[in-house]
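Here the structure is laid out as structure tokens; the discussion comes afterwards.
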Amino acid sequence: MSDFAHLLDEYLSGRQTELGYISSAVHASFQSRLEEEEARIAELSSQVWQLQVEIKRRQHVAAKLKNVLAPIKRVPQEIMAEIFLRYIESGPHCFSSNMRNARLYDMSPSAVFLSQICSRWRGIVHGDPRLWSRLHLRFDIASYLQKVPPKKVIVSWLQRSGSLPIHFSIRISRDQGPYWYSDGALKDSYLDFLVRFSGRLQSLELDTHKRFIQKLFQKARFSLPALEEIIIGKLNIPFSIDPTTMRTIGSVLRKSTKIAKIQFFVRLEHQFPVPTSALEVFPFTQSHQITTLRLEISGLNDSLILRNIMCSCPQLETCEIAHIHGLPEVVGQLLLPSTELSHLRRLSLQFINDSSVQFLSGLHLPALEELRLDSCPDTVLDHLTALHERASFPLRKLDLIADSIGDTLDLVSFLKRIPTLEILILNESGVNVPQLCQHLQATADRKVPVPNLKKLSFLGGSCIPWVLVGSEDDNKVDSDDDDEDDEGIGEGKEKVGLNTEHEEEVKLVSDMALSRWRPYPRDQDVDDEGNGLIKWPVAKMTMGMELVVYNNKRVIRFLQSKLEECVKEGMPLDVYM
């Protein structure tokens with residue numbers, strides 16, 4: 001090895017860190033080696049760059065192939081269109097839980113949103129008129145009011161629906177008056193396109209300011225010959241209305257002979273005269289064909305008018321009426337006329353005072369399957385019993401909300417009348433839960449009430465009376481309980497911390513749930529007090545039990561431990577504070 005090669009090797013290996021004097025010959029050799037290394041670096045860098053380009057090209061090809069091989073690509077276009085249609089038909093969609101924080105696409109129609117996903121979806125959406133026949137516009141947020149779609153854009157959306165019937169809804173926040181209604185300058189362009197397409201409107205929802213609806217129905221060419229469903233206002237947020245507006249709406253709807261579904265939520269303004277007939281507050285004359293009625297008329301104290309509206313709809317299948325005041329005193333002293341609604345299957349009533357329940361008097365509801373009564377007085381069970389005596393009905397769901405519905409045994413007596421009941425919800429009803437569960441327990445020694453029960457819910461104040469009678473220590477929420485393991489919680493009352501009285505009461509609840517989840521065999525014979533052998537099959541409580549316990553974690557854990565095996569087998573159980 002030459003002296004130069006040896007010197008270079010020593011230096012590059014680090015064995016010699018410093019070089020002294022470098023001669024011209026050595027300097028030239030080092031310079032030549034440097035140029036060789038830099039040339040090699042450039043050559044390798046070029047190769048790396050070429051490899052990186054090749055890798056990126058192949059990654060792009062792989063991504064394209066993955067896209068082609070995606071399962072969604074195997075779904076035919078016709079099926080995709082049906083999926084999109086079901087999505088759009090399910091109603092307006094908002095992707096933010098808080099509308100105040102929603103983004104602009106939260107307010108876009110569903111078809112527009114779907115068309116922005118990819119070119120294939122855009123082609124499918126633009127090529128199917130059905131997807132543009134349902135248009136929901138939501139303008140709830142002040143920060144986006146300047147970005148509402150212009151009239152020509154909305155018209156282009158509706159034109160894509162071809163000649164199909166249109167389902168249209170518009171929601172304008174009622175507190176955004178300055179933008180939409182200031183200085184009388186209503187956004188007339190939105191009224192114009194609604195008038196233009198009004199002849200094809202099959203359903204119409206208007207949750208807007210009063211002036212919007214006033215101007216819309218005052219338009220000379222606005223008519224709704226194809227309308228089958230209309231929604232004005234929103235439940236618990238009624239639309240403020242005066243007599244003039246009511247008459248204006250009525251003059252248009254009087255010519256709409258196909259209306260079958262009505263949701264009408266209004267609040268009578270203070271200048272509204274005391275109504276004497278249904279037509280003064282309910283501008284729908286084609287009541288003989290109404291099948292769905294959801295009604296809230298705040299400010300109407302004469303509930304006889306509400307009852308007359310309901311009873312004037314012989315084809316009614318679904319009815320929901322809010323804010324039912326007591327009937328006039330002179331009427332309350334008389335028997336209300338007997339009325340049969342033979343098609344009514346779902347009924348929901350919200351009472352305002354104790355005498356409101358007389359609303360049920362005289363009704364015959366032989367097809368009733370679902371009943372929800374809100375703010376029930378303690379006489380409600382008497383009225384329900386009388387309702388069933390007039391015409392028995394195959395009730396499947398009963399939801400009662402009240403401070404007290406009366407004696408628990410009276411409730412049991414009424415439930416025995418309804419063997420078809422599948423869902424029972426008691427909310428703030430003051431029912432003695434252990435006592436009721438004792439009567440609902442499925443045993444082989446007696447006929448079981450509501451044998452088809454699949455779900456039982458105790459909510460609000462109907463929850464656990466033993467919390468009220470227990471000791472103060474039992475009712476405390478012990479933060480240390482959170483650290484306990486679930487294992488062995490049910491091994492004894494010492495672990496759970498229940499006294500004997502509490503344990504017996506909680507056990508009545510758990511025994512009932514257990515007997516309903518694992519009912520005695522369907523073919524088991526039962527001696528009915530000498531009347532021969534009969535069979536009483538009991539349905540499995542497949543929809544489970546829901547129970548609220550106030551301030552007593554020990555009760556919750558005791559119940560959970562008793563029903564642990566049922567939960568593992570699939571019984572839904574929600575026990576919470």
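Computation of the quantities below employed the complete heavy-atom set of this structure, encompassing side-chain atoms and omitting hydrogens, waters and symmetry-equivalent molecules. Just so it is clear, the model here is predicted, and its values are computed rather than measured.
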> Can a salt bridge be assigned to the pair Lys258 and Glu228 using a cut-off of 4.0 Å between side-chain N and carboxylate O?
Replying inline: no

>> Could you check whether Arg130 pairs with Glu82 (Lys NZ or Arg NE/NH1/NH2 to Asp/Glu carboxylate O, under 4.0 Å)?
In response: yes

>> Run the side chain to side chain donor-acceptor pair (under 3.5 Å) test on Thr339 and His364 for me, step by step, so that the C-alpha distance in whole Å, both residues' side-chain angles and the decisive distance to 0.1 Å come before the verdict.
In response: CA-CA 6 Å; Thr339 304; His364 295 248; over 6 Å; no

> Side chains of Arg417 and His388: donor-acceptor distance under 3.5 Å anywhere?
Replying inline: yes

> Out of curiosity, Ile72 CD1 to Arg74 CZ, how far, rounded to the nearest 0.5 Å?
Replying inline: 12.0 Å

> In Å and rounded to the nearest 0.5 Å, what is the NE2 to CZ distance from His325 to Phe351?
Replying inline: 13.0 Å

> Is there a side-chain contact between Ile418 and Leu398, using heavy atoms and a 4.5 Å cut-off?
Replying inline: no

> Would Asp382 and Thr385 count as having a side-chain donor-acceptor pair, cut-off 3.5 Å?
Replying inline: no

> Is there a donor in the side chain of Gln202 and an acceptor in the side chain of His167, or the other way round, less than 3.5 Å apart?
Replying inline: yes

> Do NZ/NE/NH1/NH2 and the carboxylate oxygens of Arg518 and Glu569 come within less than 4.0 Å?
Replying inline: yes

> Side-chain contact, heavy-atom cut-off 4.5 Å: Ile232 with Phe265?
Replying inline: no

> Charged N to carboxylate O below 4.0 Å: is that the case for Glu370 and Arg346?
Replying inline: no

> Are a donor atom and an acceptor atom from the side chains of Glu546 and Ser457 found within less than 3.5 Å of each other?
Replying inline: yes

>> Is a donor from one side chain sitting under 3.5 angstrom from an acceptor on the other, for Glu296 and Ser298?
In response: yes

>> To the nearest 0.5 Å, what is the distance between NZ on Lys234 and CZ on Arg171?
In response: 4.0 Å

> Roughly how far apart are Ser203 OG and Ile230 CD1, rounded to 0.5 Å?
Replying inline: 10.0 Å

>> Tell me if the NZ atom of Lys73 is crowded by more than 12 foreign heavy atoms within 6.0 Å.
In response: yes

>> Distance check, rounded to the nearest 0.5 Å: Phe359 atom CZ versus Ser303 atom OG?
In response: 7.0 Å

>> Using the side-chain contact (heavy atoms from CB on, under 4.5 Å) definition, which of the options Asp410, Leu453, Leu421 pairs with Leu415?
In response: Leu421

>> Distance check, rounded to the nearest 0.5 Å: Ser119 atom OG versus Ile124 atom CD1?
In response: 9.5 Å

>> Less than 4.5 Å apart, side chain to side chain, heavy atoms only: is that true for Pro109 and Leu137?
In response: yes

